[in-house]
Q: 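Pasting a structure here, questions to come.
As the structure is a prediction and not an experimental result, all values here were calculated from the model. Indexing begins at 1, ligand by ligand and atom by atom, following the structure's order.
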Amino acid sequence: MLEKENCMTTDLVTSVFGSNVFNDVVMRSYLPKNIYKSLKRSILGEHPLEPSVADVVANAMKDWALKKGATHFCHWFQPMTGHTAEKHDSFISPTPDGGTIMEFSGKELIQGEPDASSFPSGGLRATFEARGYTAWDCTSPVFVKEDGKNITLYIPCAFCSYTGEALDKKTPLLRSIEVLNKHSIRILQALGNTTTKRVTATLGSEQEYFLVDGKFAQKRLDLILAGRTLFGAPSPRGQELDDHYFGSLHERVASFMHDLNVELWRLGVSAKTQHNEVSPAQYELAPVFTTVNMATDHNQLMMETLEKIALRHGLVCLLHEKPFAGVNGSGKHNNWSLVTDDGNNLLDPGETPHENMIFLVFLSAVIKAVDKYAKLLRSTVANVGNDHRLGANEAPPAIVSIFLGDQLTDIIEQFATGGAKSSKSGGHLQLGSSTLPPLPRDCTDRNRTSPFAFTGNKFEFRMVGSSQSTAGPTFVLNTIVADVLSEIASELESASDPAAAAQGVLQKIAKEHSRILYNGDNYTDSWVTEAKKRGLANIRSTVDSLATLTDPENIEVLSKHNVLTETELRARAEILLENYSKVINIEALTTLNMAKRQILPTAASFSARLGNAVTAVKEAGVAADTQKAMLEKVCSLMSLLHDGISALEAAVEKAGGIEDGLKKAEAFRDLVVPAMLKVREPADELEKIVDADLWPLPTYAEMLFCK
Ligand code: ADP
Ligand code: MG
């Protein structure tokens, strides 16, 4: 019986996986051979898509989508909001005889023209200059998505202004992929590789999230509007028992994960690992890695699907970096590597890394790039939510450093003092019981505290926030590594003995950039002191970090490689700062709303009840000292809360009145954020003493522990 059931499960997964994707298999069966070949060459960037080919492809897509029940198509793009955007058009086209046919042309596939005026443009567009374009990104497959009864063909797209400037997250990512490929190939050729035609960056993003019962979430305006709790006394039990991490899955959560996986598999997203994370009510999902472009699209779909499926299970999924104070926040670990079209992972050290010149050159390029552009990399993970994480004792600090582990650190040290002659090996572990097998041990331990860790055959960038698009951190990483590779390539190409020249490059990088390498505990104060001595930046706030985005070296590296022009970069800096102020403003207004309309009135009712109790008890001839002490405590907290509300109102007004984007964001950080905390403190104290039946908000204990 079980065997039969297992067989059915295999059938289910294989028949479901990618069933809603116009993938290679579907393309082959729907497209004439010559059209298929021509499209594939366009996907590989070998030639632009011809209009006649586009018409045939569009028609095939429509036929396939109609079979899936689709009535509409949409250009799906990623504006600077960090979310995705879509405008649906039906396939319907009226005929002269009053009937209708379903049509979809090559032009409609390739180009869309949404009104761009209301997307953030950082001054690139005035509201009256409305025109923007979406352009089909044929490197990420189209797919059909079902939302309720609505079934639509989704076309992944880039988005630009009428004047051709990138207004989205995808365009610079696509540009960076080209640059990285170009300079990686130069390196490979200089070192004697004549077979590799293409190098692609790969990405696997581990996604952390929280699940809260919908009946609690609906009662909290802060969760509804800000995605995080703005009030809440700590739960008597938190994460101190470490029993949630990798704990057995609760049945309700496990069922949610099952439905989530099936929905993602349909969309071709290869959801692979799932587990309970450190904080109660926190979980993680990781897909199998793929090209950075598809992985970024897939991560957007993953975030959207998490939220959608949670609702079906009466749950609310929180993607915020810090939904609850006092327990861990959520990140997104971006695993990144480079793979060749003939299947080699360029960051795979092999058995004897000290002899693996190609690996060492790429590794060194990453080291130099991360050291040289640490501030730029830091700025790609700057957002309001991440300010609660980075530098707090749970997540990587705001200081960028690289963990290489013992084996590679040893090799880099050998290079710094001459050349590398040996590689340490891991050996075997004996567990002391004859029934347990000897385990081969990796040459390197893990380091959970490092923001940028080498993990065997890839780097894991752990500073990325759980709600962020992976595009920003990835296109910057691609570009800065490409930049260093281009320098090295020029040196190798002009050398009479490229192998000897490569040795020289490795030595120089080992000497000049080893300050960025750190294998110790990144959470300690001693690292903060040590990092300062090494001259590494420690930029703790989003505002300060975004202020570095337009530093001359960042403009230079991004524009030199045509990833972002100076104008595009300045626009982005403006959008991100503006977003910071807007988000804090929403949080502050929500804080005021809840404090004034829920918490203060509740405290007032409770104080009236206590006042009556004092009078009644006294009248009965008994001392009412306890009731009086309680009343005094409540009244003094109410008074603090009242003052806090007035101060926050004044702070919001002052910050809101500032014109300059940077000064405004600074005011939101320095005036509004502390004023919000001054409202929260007395409110959380009140929660601890006000009658539980009166308290209007679900508590931390309920939200974190009730399943
Ligand atoms: P861990 O928690 O140990 O870091 P996970 O299995 O949770 O491991 O996640 C590891 C992620 O790294 C997965 O998404 C995996 O597909 C991805 N990954 C593995 N190899 C590569 C690679 N060469 N390039 C990019 N990502 C990779
Ligand atoms: Mg993990």
Q: Near Val288, which atoms of ligand 1 are under 4.0 Å from a heavy atom of that residue?
A: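 Selected atoms, number and element: 16 (O).
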
Q: Is Asn335 close to ligand 1, meaning an N/O of one under 3.5 Å from an N/O of the other?
A: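 In this structure, Asn335 places an N or O atom under 3.5 Å from an N or O of ligand 1.
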
Q: So if I count the atoms of ligand 1 from 1 in the order they appear, which ones are less than 4.0 Å from some heavy atom of Glu460?
A: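 Atoms satisfying the 4.0 Å criterion: 4 (O).
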
Q: By number and element, which atoms of ligand 1 are closer than 4.0 Å to a non-hydrogen atom of Pro287?
A: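 Ligand 1 atoms under the 4.0 Å threshold to Pro287: 13 (C), 14 (O), 15 (C), 16 (O).
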
Q: Output yes when the distance from some N or O of ligand 1 to some N or O of Thr202 is under 3.5 Å, and no in every other case.
A: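 Yes - when backbone and side-chain N and O of Thr202 are compared with those of ligand 1, one distance drops under 3.5 Å.
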
Q: Examine ligand 1 and decide if any of its atoms is less than 4.0 Å from a heavy atom belonging to Glu206.
A: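 Heavy atoms of Glu206 do come under 4.0 Å of ligand 1.
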
Q: Scan for side chain to side chain donor-acceptor pair (under 3.5 Å) pairs involving residues 182-191, sequence neighbours excluded, and state none if there are none.
A: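 Of all non-adjacent pairs touching residues 182-191, those that pass side chain to side chain donor-acceptor pair (under 3.5 Å) are His183-Arg186, Arg186-Ser490, Arg186-Glu493.
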
Q: Which value, rounded to the nearest 0.5 Å, describes the distance between Met257 atom CE and Leu285 atom CG?
A: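 Output value for this atom pair is 7.5 Å.
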
Q: Is Lys272 reaching over with its side chain to a backbone N or O of Pro287, donor-acceptor style, under 3.5 angstrom?
A: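 Checked: no pair found.
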
Q: So, regarding Ala286 and ligand 1 (criterion: nitrogen or oxygen to nitrogen or oxygen, under 3.5 Å), is there a contact or not?
A: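 Min N/O separation from ligand 1 is not below 3.5 Å for Ala286.
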
Q: Which pairs with one or both residues in residues 248-257 pass side chain to side chain donor-acceptor pair (under 3.5 Å), sequence neighbours excluded?
A: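 For residues 248-257: Asp213-Arg252.
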
Q: Give the atom numbers and elements of ligand 1 that come within less than 4.0 Å of a heavy atom of Glu284.
A: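 It comes down to these atoms of ligand 1: 7 (O).
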
Q: For Asn299 and Thr470, which I'm curious about, is there any donor-acceptor pair between the side chains at under 3.5 Å?
A: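 The criterion, which ignores hydrogens and geometry beyond distance, is not satisfied for Thr470 and Asn299.
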
Q: Tell me if the centroids of the rings in Tyr283 and His244 come within less than 6.0 Å of each other.
A: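 Under 6.0 Å, so yes.
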
Q: Could you list which atoms of ligand 1 come closer than 4.0 Å to a heavy atom of Asn345?
A: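 Within the 4.0 Å cut-off of Asn345, ligand 1 contributes 23 (N).
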
Q: With a 3.5 Å cut-off and no angle check, do the side chains of Asn522 and Thr449 form a donor-acceptor pair?
A: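 Present: a donor and an acceptor within the cut-off.
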
